[in-house]
Amino acid sequence: MRTGSASGSERGGLRARGGMPRASSRPVPCAMGAFLDDEGGFTTVAVAVSLLLSLTLVFSAASAGWVASRSSEVQRVADAAALAGQNAVASFSTIVQVLDACVLSMGLTGIVTYGAGLVVSCVPGLGAAGAELCSAGGRILEARRGFARSAASGVERLEATLPLLVVANSASCVTANSVGGVSYAGCALPVPATSGSDFSALAADVDDEDLSELSEEVREASDEARRARERADEDLERGWAADCGTTPYCLRERAASLAGLTGPENPDYPSPAGWTFGAPLARARAYYAARLAAERPAGGGAEELTDSACRRAFYVYALSEVRAGSYVELPDGSASMNLPTLPKNAEETRETSLYTASGWPCTDEGDGRTLHCSTGCPGATGAPSGTASLAELEGGAVRECEVCRMSITELGRVASASTSISNGFEHHWRAVVEAAEDYEEATAELADAEARTRELAGQGAESFSAALDQLSLERPTLRPPGAWGCVAVVTRAEGETAPTELTSSFVSGFELPAGAAASAAVLAPDESTAENNVLASFLDSLSTGDSALGGAADGVLELWGELLVGYGSAHGDVSDAASEFLDGLDGVLGGSVGSWLRGRLKAIMADAGLEPVDLRLRKPVLTNTQDVLDKGGFEQAAVVRELVASLPGSASVYDFATSAGLRLVDEVGGELTIAELPLPGTGVSIPLTVNLSRSGEAA
Ligand SMILES: [Zn+2]
């Protein structure tokens, strides 16, 4: 087959892309083949995008390939005209397929990017990156919205020109064969003549409001979790410092100095790592047990006796308190704890059992029943009289001993002395208890925030699924004029009569006048393009483009590319590509909610059963005229005879086509911009323009 034949490809503009169409042995050239360079690929965005534009050039160059040679046979000319007419339909179909794939994959890119944003938003501390991704997803969906709307109206406008393009393209093919003194007239007519397409699905919107709101809430929750986590960490460190960290005194140091605790009873933790609030609790238990066991009066006087009795009472109380305290690590990593607060002065001591416990010995003295620090008090001279509490003493039920002076004030002094200054054990214990209380509060808030994050993540997964449905449920219906085929009728104005057996090769059952012929072509999917590499080539080159997003949103364009190409083949590729993108998120997800959500989104993608766009190219092939006319509901013989009869009488093929019932738009020419294609993640937008200039002003 030769290209650049008489039909006018010279004006088609193919040379602009680095070469004429390569010669091919295929009877009908693949529209794409003409636009690949010698290496079979594209190297720059500009060249790749021009591929899309180039699709359209077949409108003007259509007849270049079909006509094997100048033919003097009217049937051959009719065949060529039918193919040339149908080729306009093929080009149109390809444009719609590509646009549909772009719209669909762009929506998917937006949603998957949104999903990635949600996943990252779940990770405390990554809110900014999550917001960036969500905003990128929103921008892609916004861009898709504009693109889809313009594409829907663009293809409608283009489709309206299709009957005229079919007529013009085929007529110019017929004219091109009118050489050497033989003149032909005729053209191809599309069947059906009018459009039954519905492109409204292209413009169907994807509502991302839910996703946007949820992602915002998720970020708030995870941010709260982050703050709670930071506070908990600070509290833990504060607890550790009081237990092991501060100098010169800390709980551990005091336990060693004051109670002589060593070894496993008094372990040291050089850093908060590995330390828990269980450590000071165990230490306090050992400390008070040791102090209690070692407690002796510092001297023989009544004052020393009272001090010792007070310390002993305090140790007994503290020991029972810390023994009743608890620290339990729960399976979910949190801890349940109760570290008791010990009284720090007389006032607080009154709130405890130290005040109300009836454990102090009494004697009956001359002035009445008197309370002592111990039975060994020198002032206890009368008969023993049971025990009483310090509360009873303060209430006046018993009298204070004038020798030992045991009272709540004396007892409170023990606690206040060791709590208020840093060389007391209780001073550091109190710091530990306060840190533990703050820590518990922070971890409870953390757990709340995490639970809320998880719940929101679940809702996010649902919104993601809903958006995916919106995107994939409705597809456009493509039934342009010529969807069932093109019927060409051609007459030879003068010259010798062609053998009639040729004229009837495609039209059986009746005879046309000598010198007239009919033919028909339909679109057939080209199986060799099932694994369509057109989009792959398109995207290979795009992926070298710079992403304006950078950071977390980097790779969005590649994602779009993979989804776009994925749509051209099988749906498995689509969800794989999306999964890969999600997998590419930072590895900090760990066992977090984000990790859970990612798994969920991947499952949703896999279950969505996204229908791939059929991107097999359609090529025109000759067929029985009868079949095409049948689909159009025509009575073949009558129609074709009528057409042939009216052809020579028409002033032009356009008049002829109009009289045959076609609605032709007024003159088309120049360029029609179908849509602006925004490249996701780049801020670059490329006008998709169809060159509609007619190759020859036939007839
Ligand atoms: Zn006494």
Side-chain angles (χ1 to χ4, degrees), residues 254-255 257-261 284-325 340-430:
R254 287 290 85 193
S257 300
L258 301 173
L261 288 189
R285 286 171 180 165
Y287 172 79
Y288 285 117
R291 287 306 296 265
L292 183 60
E295 180 53 39
R296 302 280 183 276
E303 203 178 323
E304 285 85 354
L305 206 60
T306 301
D307 286 349
S308 174
C310 285
R311 285 196 298 270
R312 175 176 294 275
F314 185 82
Y315 295 151
V316 168
Y317 170 77
L319 182 59
S320 81
E321 286 291 296
V322 295
R323 279 187 177 157
T341 309
L342 299 175
K344 69 167 187 284
N345 52 32
E347 198 187 326
E348 285 187 12
T349 310
R350 283 193 185 90
E351 307 295 320
T352 68
S353 61
L354 283 170
Y355 187 55
T356 53
S358 177
W360 301 99
C362 299
T363 54
D364 287 322
E365 301 299 331
D367 293 336
R369 195 172 174 229
T370 305
L371 181 145
H372 303 280
C373 67
S374 90
T375 51
C377 169
T381 53
S385 181
T387 59
S389 69
L390 295 176
E392 285 172 280
L393 177 69
E394 271 204 327
V398 289
R399 291 171 49 79
E400 183 179 311
C401 169
E402 288 182 3
V403 180
C404 65
R405 299 204 168 275
M406 181 60 213
S407 71
I408 189 69
T409 314
E410 290 295 319
L411 188 53
R413 199 170 288 140
V414 171
S416 80
S418 62
T419 307
S420 58
I421 50 173
S422 64
N423 67 356
F425 183 87
E426 284 74 20
H427 176 81
H428 301 283
W429 173 255
R430 199 165 187 90

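This structure is a prediction, so every number in the text was calculated from the model and none was measured. Both counts, for ligands and for their atoms, begin at 1 and track the order of listing.
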*With a 4.5 Å limit on heavy-atom distance, are the side chains of Pro340 and Val322 in contact?*
yes

*Can you name the nearest heavy-atom pair linking Thr363 to Ala380, along with the distance?*
CG2-CB, 3.8 Å

*asked:* Tell me which N, O or S atom from His372 is the closest to the Zn ion (ligand 1).
replied: ND1

*Thr306 and its side-chain contact (heavy atoms from CB on, under 4.5 Å) partner, picked from His372, Arg311, Glu410, Arg413*: Glu410

*What angle sits at the Zn ion (ligand 1) between SG of Cys404 and SG of Cys401, to 10°?*
110°

*asked:* Distance check below 2.8 Å: does Cys373 bring an N, O or S atom to the Zn ion (ligand 1)?
replied: no

*With a 3.5 Å cut-off and no angle check, do the side chains of Arg430 and Thr419 form a donor-acceptor pair?*
no

